[in-house]
Amino acid sequence: MALSGFEGFEKRLELHFFGDDPTILKLGLRKLDFDFIQQTLEAVQCTVVSAVGNSYFDAYVLSESSLFVYPTKIIIKTCGTTQLLKSISPLTYFANQQLGLTLFSCRYTRVANVNHHMNEFRSKWKTSNSSNHSHYDMSSNTVNACKSYPTNKNKSSSYTIEICMTDLDPTLARNFFRRPYDGKTGDSAGKEMTELTGINEIKKEALICDFAFDPCGYSMNSMHGEWYSTIHVTPEDGFSYASFECIGSTDDDNVNIVHMLRKVVQIFRPGTMSVSTTTKSFNECNNEEWTRVVAGAVENMGFKCRSCAMDHFPEAGSVVFQTFSALRRKSG
Ligand SMILES: C[S@@+](CC[C@H](N)C(=O)[O-])C[C@H]1O[C@@H](n2cnc3c(N)ncnc32)[C@H](O)[C@@H]1O
């Protein structure tokens with residue numbers, strides 16, 4: 001934990017539900033009322049600072065990261081001393097009572113001992129349905145990324161990429177500090193940071209909901225159809241950290257994954273980073289292809305791959321983890 005008491009590394013919870021009523025399933029969990037969401041977040045110890053929605057899902061920027069609500073899926077990321085697991089019980093209870101939805105799977109990931117760069121990774125995935133109960137538990141001492149899985153099992157082309165970056169370039173990190181007495185709101189200062197840093201160029205056609213904290217710190221969610229990306233930045237020297245996560249599909253011709261990875265790296269120029277890629281495929285060639293794509297994108301930007309690991313989860317798909325460190329930092 002940083003001296004300030006603030007720890008940027010996120011914990012992540014993903015809940016999947018199912019139900020029988022097609023009229024309810026159209027909006028599903030998006031019908032949970034806002035007061036209830038706020039009360040649940042209060043128990044977790046964070047609040048909503050900004051929100052946006054499209055026809056597929058709602059995205060909330062939180063004081064401590066993000067919340068995404070789809071008709072049958074909820075993803076919450078929080079950091080610091082938040083108590084994320086306290087949201088499970090109210091969410092499952094109200095989803096059941098108000099909407100007749102039943103919890104199908106629950107996944108929680110967190111990174112431990114980050115301030116000592118122990119890179120310890122813990123992941124728990126629990127799935128259940130009427131015929132089958134299973135529990136997967138994975139740990140590794142070489143990885144510091146969280147992983148997630150796309151909801152729609154029919155979309156084998158969907159992927160999740162998560163990047164955890166530490167030791168941000170101090171000059172670039174300064175872009176995420178507000179000027180004293182700037183007279184701006186969190187929203188307008190956030191928009192300015194989005195444009196100044198080039199975050200708006202990662203996925204040009206996406207709708208962005210951004211927020212700048214005072215005196216520093218930045219969060220954004222972006223929506224593009226059913227896909228999202230999210231960035232959270234802790235720019236303070238000594239414990240600087242930024243995370244990027246996106247869910248997308250390789251069928252989406254508008255997305256150039258290499259461009260996206262390079263742009264993210266350019267915006268932060270971290271000293272170290274881990275990249276975690278999750279896909280539905282169980283095919284080893286697919287994993288090797290992802291490994292090559294990610295390494296190819298960042299290695300010619302002055303990064304060296306320090307470790308690479310792959311794993312398969314019967315209910316979830318494949319995960320590739322790669323860690324990189326900067327060979328030397330370019331100035332400016
Ligand atoms: C962007 S927020 C959200 C945390 C996110 N998980 C991350 O990785 O950074 C964290 C940054 O905002 C700053 N900050 C300022 N006011 C804050 C507040 N009221 N709540 C949370 N973070 C705040 C923190 O010092 C830190 O630099």
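Residues take their numbers from the sequence shown, with the count starting at 1. Ligands are counted one by one from 1 in listed order, and the atoms in each one are counted from 1 as well.
Clustering of Ile, Leu, Val, Met, Phe, Trp and Tyr side chains at separations under 4.5 Å leaves L27 isolated, with no partner residue.
Applying the 4.0 Å criterion to heavy atoms of E10 picks out, from ligand 1, the atoms 5 (C), 6 (N), 7 (C), 8 (O). Below 4.0 Å from some heavy atom of Y241 lie the following atoms of ligand 1, by number and element: 8 (O). Interface atoms of ligand 1 facing E64, defined by a heavy-atom separation under 4.0 Å, are 20 (N), 21 (C). The ligand atoms of ligand 1 that sit less than 4.0 angstrom from a heavy atom of C79 are 4 (C), 5 (C), 6 (N). The G217 neighbourhood of ligand 1 comprises atoms 11 (C), 12 (O), 27 (O), with distances under 4.0 Å to a heavy atom of that residue.
Ligand 1 has no nitrogen or oxygen under 3.5 angstrom from a nitrogen or oxygen of Y218. Close N/O approach between S65 and ligand 1 is found [any backbone or side-chain N/O within under 3.5 Å]. In terms of polar-atom proximity, T234 is counted as a contact of ligand 1, with an N or O under 3.5 Å from an N or O of the ligand. Between E236 and ligand 1, a contact under 3.5 Å exists for at least one N or O pair.
Of the N and O atoms on the side chains of S157 and S249, at least one donor lies less than 3.5 Å from an acceptor on the other residue.
Formation of a donor-acceptor pair under 3.5 Å by the N96 side chain with backbone atoms of L101 is found in this model.
Note: Y228 and Y70 have tilted aromatic rings, judged against thresholds of 30 and 60 degrees for the angle between ring planes.
Follow the hydrophobic side-chain contacts under 4.5 Å out from M220 and you never reach F213; the two are in separate clusters.
Ion pairing between a basic and an acidic side chain is recognised when a charged N comes within 4.0 Å of a carboxylate O; R179 and E192 show such pairing.
Paired with F176 under the rule ring-ring contact (aromatic ring centres under 6.0 Å, His included), one option of Y218, F211, Y241 passes, and it is Y218.
Only the backbone of V233 comes within 4.0 Å of ligand 1, judged by heavy-atom distances.
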